[in-house]
Each structure stands twice: as structure tokens, then as C-alpha cells.
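Here's the structure we're looking at; comments come further down.
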Amino acid sequence: MKGLIYSELVKPKPKPLNTTPAISMPECEGIARTLTENAIPLGVTVTMQQFNKTAGELYMTCMMGGSDGHQHKKTVPAWIKYNGGTYLDAYKQGYAIGEQR
């Protein structure tokens, strides 16, 4: 290697972090909004900010489920099991959609 300049050396290319293609899941927005609406008890008023925050969390949970379903992963993440209820519903609905794609 005598006489070689660093720029002449072959640098290994880094491996891509995620080799699974992203899938489009527009259904998750509707799922998240419906689950958020159903989670609000009768007579309780929430601000739009609170509603949008919860709907956003459920949207992301649905998207995670869709990605896991697309990859045929069989384990539900621990934090979703811990939160249960509405988060688990969003994950399972997303998983079902992702399995079909």
C-alpha cells in the first residue's frame, strides 16, 4: 500500500438501516380518529389540541401495527400491551391491514 493516498482506498459502503419498504396506510387516519372519538366519555369536553394529540398517537400506533403486519412480526411491542385498550385496538387494526399488503 505504499504510495496510495487515502482517497484511492476503497471505502466500504454503509448498510441501509431499513431494508423494508414503507407501506402507505391512509386507513390509519380514519381508524385513529374513530378510536379517539369513541374513547371520549359522554358529557366530557376535550380541546382540539388534546383530541389531535391522542389521534396522532393512535395514528402512529396503527402505522406501527401496519409495518409489523407487513413484515409478519408476531410479537406486540411491550408498551402497547402495557397501555392496552385503545392502543392495542389501533395496533391490531393496523396489523391486519399491513398483513394484506
Side-chain angles (χ1 to χ4, degrees):
M1 287 216 181
K2 193 172 187 181
L4 287 178
I5 301 174
Y6 179 73
S7 63
E8 295 174 348
L9 296 175
V10 178
K11 298 178 197 173
K13 292 184 180 180
K15 292 182 181 180
L17 297 176
N18 186 0
T19 57
T20 304
I23 57 173
S24 173
M25 293 187 49
E27 302 92 343
C28 280
E29 186 174 343
I31 290 169
R33 293 186 85 60
T34 301
L35 288 173
T36 303
E37 289 168 1
N38 294 340
I40 301 170
L42 289 175
V44 174
T45 304
V46 297
T47 65
M48 282 304 293
Q49 183 179 8
Q50 291 169 321
F51 181 88
N52 289 336
K53 179 181 181 290
T54 302
E57 291 172 0
L58 293 174
Y59 174 80
M60 292 305 298
T61 304
C62 178
M63 290 294 292
M64 287 176 60
S67 177
D68 288 354
H70 182 68
Q71 297 174 32
H72 300 288
K73 292 183 180 177
K74 296 296 180 191
T75 306
V76 176
W79 71 271
I80 292 174
K81 286 182 185 176
Y82 177 78
N83 283 319
T86 308
Y87 287 88
L88 191 56
D89 289 346
Y91 181 86
K92 286 182 176 181
Q93 289 184 44
Y95 191 95
I97 295 167
E99 266 187 322
Q100 299 171 4
R101 298 199 176 158

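Keep in mind that the numbers below use all heavy atoms, side chains included, and drop hydrogens, waters and symmetry copies.
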Can Thr61 and Asn83 be said to form a side-chain contact (heavy atoms from CB on, under 4.5 Å), step by step?
CA-CA 11 Å; Thr61 304; Asn83 283 319; over 6 Å; no
Can you tell if the side chain of Ile97 reaches within under 4.5 Å of the side chain of Ile31, non-hydrogen atoms only?
yes
Consider only side-chain heavy atoms of I, L, V, M, F, W and Y, link residues closer than 4.5 Å, and tell whether Val76 and Leu35 are in one cluster.
yes
Nearest heavy-atom pair of His72 and Glu99: which atoms, and what distance?
CE1-O, 4.0 Å
What is the minimum heavy-atom distance between Pro26 and Arg101, and which atoms define it?
CD-NH1, 4.4 Å
Hey, quick one: are Leu88 and Tyr95 part of the same hydrophobic cluster, counting side-chain heavy atoms closer than 4.5 Å, chains of contacts allowed?
yes
With a cut-off of 6.0 Å (strictly less than), are more than 12 heavy atoms of other residues, nucleotides or ligands near CD of Glu29?
no
Verify, without hydrogens or angle tests, whether Thr36 (side chain) and Ala32 (backbone) share a donor-acceptor contact under 3.5 angstrom.
yes
Ionic contact status for Lys53 with Glu57, cut-off 4.0 Å:
yes
Test side-chain contact (heavy atoms from CB on, under 4.5 Å) on Tyr87 and Met60 and set out the steps.
CA-CA 10 Å; Tyr87 287 88; Met60 292 305 298; over 6 Å; no
Let me confirm one number: the OH-CG distance from Tyr91 to Asp68, rounded to the nearest 0.5 Å.
3.5 Å
In short, Met64 meets Pro77 closest at the heavy-atom pair CE-CG, 4.4 Å
Could you measure the distance from the OG1 atom of Thr34 to the CG atom of Leu58? Nearest 0.5 Å is fine.
10.5 Å
Spacing of CZ belonging to Arg33 relative to CZ belonging to Phe51, to within rounding of 0.5 Å:
4.5 Å
Please say yes or no: joined through hydrophobic side-chain contacts below 4.5 Å, possibly via intermediate residues, are Met63 and Trp79 part of one cluster?
yes
